[in-house]
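Comments concern the structure below.
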Amino acid sequence: MKIFTEPVKLQKWAESRRLAGKKIALVPTMGYLHEGHLSLIAAAKKKGADEIVVSIFVNPIQFGPNEDYARYPRDEKADLAKCRQAGATAVFFPTPDNMYAADHSVYINEMELGNSLCGARRPGHFRGVCTVVAKLFNLAKPHFAVFGQKDYQQETIIRRMVRDLNFDVKIVVAPIVREPSGLARSSRNTYLSDAERAQALALSAALAEARAEVKRAGEVDWKTCRARIVRKLQANKLKVDYVEAVDADTLKPVTKLVAKKTTVLLAVYCGATRLIDNAVM
């Protein structure tokens with residue numbers, strides 16, 4: 001497994017692998033890898049990648065001034081071991097200084113899909129995400145990139161960016177990986193106390209109940225369903241950030257939940273920790 005820290009060296013290597021006829025997959029992460037990240041590597045292998053590049057970079061420009069950039073969990077040694085065991089063939093460990101020039105001034109802004117949900121609550125977040133992902137596409141030169149469904153709005157925005165800017169990259173979306181309890185895997189789960197973990201189970205439980213209702217009825221009134229979800233979250237002492245239902249492709253709000261065509265997305269504060277989850281109905 002090759003380890004790169006300098007963007008130009010990754011880029012030259014990736015170009016040589018492409019010229020050799022190898023299929024390259026990119027798995028972008030912020031590190032502190034867990035089973036969810038490892039499932040993305042597994043998906044890349046299943047899709048037939050010859051080279052699997054895992055980027056590990058806590059991207060400063062997607063964090064707001066009062067967010068957790070400084071304390072975001074990091075463990076480079078453990079991450080490298082997990083990448084090697086999972087079958088990654090290259091790991092990219094850049095620093096902010098070698099990813100962004102001191103006077104960098106070019107960003108990528110998506111202007112429609114990122115205006116709601118997490119985008120409305122984290123101004124500038126998706127500008128940072130789109131910018132760093134575009135840079136990673138230019139550096140790793142992947143034929144396809146694997147993202148997780150847990151960041152549903154993010155992967156929808158990335159697909160739009162790829163379409164609108166004609167990136168020659170296919171986007172693969174892997175299912176959410178959950179802990180045995182149902183809690184969606186996240187690096188930020190490490191912030192939770194045992195009591196908060198128990199409270200956080202209300203997210204996946206509420207989504208499962210909504211999906212079961214849609215399966216039974218075929219179509220469900222969102223206003224009524226939303227009220228039930230909010231009550232469940234609040235009963236578990238979770239502070240609701242948003243509870244929204246959207247068209248699965250466009251992220252536009254809907255009034256009815258319909259199987260396979262709509263997605264419910266949740267964001268809450270469990271103590272001081274912000275958690276997100278979602279389910280396609």
Side chain to side chain contact (heavy atoms under 4.5 Å, CB included) between Cys118 and Tyr242, intermediate numbers included: CA-CA 9 Å; Cys118 286; Tyr242 65 74; 3.1 Å; yes
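- Atoms CG and CG, from Leu201 and Leu238 in turn, are 9.5 Å apart once rounded to the nearest 0.5 Å.
- Residues Ala120 and Asn115 share a closest heavy-atom pair of CB-O, 3.4 Å.
- Both cation-pi conditions hold for Arg71 and Tyr191: the charged atom is under 6.0 angstrom from the six-membered ring centre and inside a 45 degree cone around its axis.
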Working for side chain to side chain contact (heavy atoms under 4.5 Å, CB included), residues Val8 and Trp13: CA-CA 9 Å; Val8 67; Trp13 173 83; over 6 Å; no
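- For the pair Glu6 and Lys12, the salt-bridge criterion is not met [side-chain N within less than 4.0 Å of a carboxylate O].
- Note on Phe63 and Leu136: separate hydrophobic clusters, where clusters join Ile, Leu, Val, Met, Phe, Trp and Tyr whose side-chain heavy atoms are under 4.5 Å apart, directly or indirectly.
- A continuous path of hydrophobic side-chain contacts links Phe4 to Tyr100 [ILVMFWY only; heavy atoms under 4.5 Å].
- Note: the hydrophobic cluster containing Leu265 does not contain Val214 (ILVMFWY, side chain heavy atoms under 4.5 Å, direct or indirect links).
- Although no hydrogens or angles enter the test, the distance criterion places no donor-acceptor pair under 3.5 Å between the side chain of Asn109 and the main chain of Met111.
- Using a distance-only test at 3.5 Å, with no hydrogens or angles considered, no donor-acceptor pair links the side chain of Asn138 to the main chain of Lys135.
- For residues 29-40, the set of pairs meeting the salt bridge (Lys or Arg N to Asp or Glu O under 4.0 Å) definition, not counting sequence neighbours, comprises Glu35-Arg185.
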Less than 3.5 Å apart, which donor and acceptor atoms pair up between the side chains of residues 272-281 and the rest of the protein, not counting sequence neighbours?
{"unit_1": "Arg274", "atom_1": "NE", "unit_2": "Asp241", "atom_2": "OD2", "d": "2.9"}
{"unit_1": "Arg274", "atom_1": "NH2", "unit_2": "Asp241", "atom_2": "OD2", "d": "3.1"}
{"unit_1": "Asp277", "atom_1": "OD1", "unit_2": "Arg178", "atom_2": "NH2", "d": "2.9"}
{"unit_1": "Asp277", "atom_1": "OD2", "unit_2": "Arg178", "atom_2": "NH1", "d": "2.8"}
{"unit_1": "Asn278", "atom_1": "OD1", "unit_2": "Gln149", "atom_2": "NE2", "d": "3.0"}
{"unit_1": "Asn278", "atom_1": "ND2", "unit_2": "Gln149", "atom_2": "O", "d": "3.0"}
{"unit_1": "Asn278", "atom_1": "ND2", "unit_2": "Lys150", "atom_2": "O", "d": "3.0"}

Please tabulate, one pair per line, all N/O donor-acceptor pairs under 3.5 Å involving side-chain atoms of residues 19-34, not counting sequence neighbours.
{"unit_1": "Thr29", "atom_1": "OG1", "unit_2": "Gly31", "atom_2": "N", "d": "3.0"}
{"unit_1": "Thr29", "atom_1": "OG1", "unit_2": "Ser55", "atom_2": "O", "d": "2.9"}
{"unit_1": "His34", "atom_1": "ND1", "unit_2": "Gly36", "atom_2": "N", "d": "2.9"}

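- Put simply, the side chain of Gln153 gets close to the backbone of Ser116: a donor and an acceptor are under 3.5 Å apart.
- Taking CG of Leu10 as the start and NZ of Lys141 as the end, the distance is 9.5 Å to the nearest 0.5 Å.
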Audit row: Arg188, Asp68, salt bridge (Lys or Arg N to Asp or Glu O under 4.0 Å) steps and yes/no: CA-CA 10 Å; Arg188 289 187 171 99; Asp68 59 341; 2.9 Å; yes
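- At most 12 heavy atoms of other shown residues, nucleotides or ligands fall within 6.0 angstrom of atom CD in Gln85.
- The main-chain N or O of Gly128 is never found under 3.5 Å from a side-chain atom of Thr131 such that the two would form a donor-acceptor pair.
- A cation-pi contact, defined as under 6.0 Å to the ring centre and within 45° of the axis, is absent between Arg121 and Phe126.
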Lys232 vs Glu209, salt bridge (Lys or Arg N to Asp or Glu O under 4.0 Å): CA-CA, chis, key distance, verdict: CA-CA 11 Å; Lys232 187 176 189 69; Glu209 289 169 8; 3.2 Å; yes
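- For residues 257-271, the side chain to side chain donor-acceptor pair (under 3.5 Å) pairs, not counting sequence neighbours, are Tyr152-Thr263.
- Between Arg228 and Glu213, at least one side-chain nitrogen of the basic residue sits less than 4.0 Å from a carboxylate oxygen of the acidic one, meeting the salt-bridge criterion.
- Looking at Asn59 and Tyr72, their side chains never bring a donor and an acceptor atom within 3.5 Å of each other.
- The aromatic ring centres of Phe167 and Phe137 sit less than 6.0 Å apart.
- A distance of 8.0 Å separates NZ of Lys256 from OG1 of Thr224, quoted to the nearest 0.5 Å.
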CA sep, side-chain torsions, deciding dist, call: Ile158, Val129, side chain to side chain contact (heavy atoms under 4.5 Å, CB included): CA-CA 9 Å; Ile158 294 300; Val129 169; 4.1 Å; yes
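- Of the charged side-chain nitrogens involved, none lies within less than 4.0 Å of a carboxylate oxygen, so that Glu110 and Arg127 do not count as a salt-bridged pair.
- Sorted by first and then second residue, the side chain to side chain donor-acceptor pair (under 3.5 Å) pairs with a member in residues 43-52 read Arg17-Glu51, Glu51-Thr89; sequence neighbours excluded.
- Summarising the geometry, atom OG1 belonging to Thr5 is positioned 12.0 Å from atom CE belonging to Met99; distances are rounded to the nearest 0.5 Å.
- With Leu80 as the fixed residue, the side-chain contact (heavy atoms from CB on, under 4.5 Å) test singles out one of Val54, Asp75, Ile3: Ile3.
- Proximity of a side-chain donor or acceptor of Asn166 to a complementary backbone N or O of Val162 within less than 3.5 Å is not detected.
- In terms of modelled atom types and a separation under 3.5 Å, the side chain of Glu67 and the main chain of Gly64 share a donor-acceptor contact.
- Listed by chain and number, the hydrophobic cluster partners of Val254 come to none, as no ILVMFWY side chain reaches under 4.5 Å of it.
- Leu113 contributes atom CG, which lies 10.5 Å from atom CD of Glu155 (distance to the nearest 0.5 angstrom).
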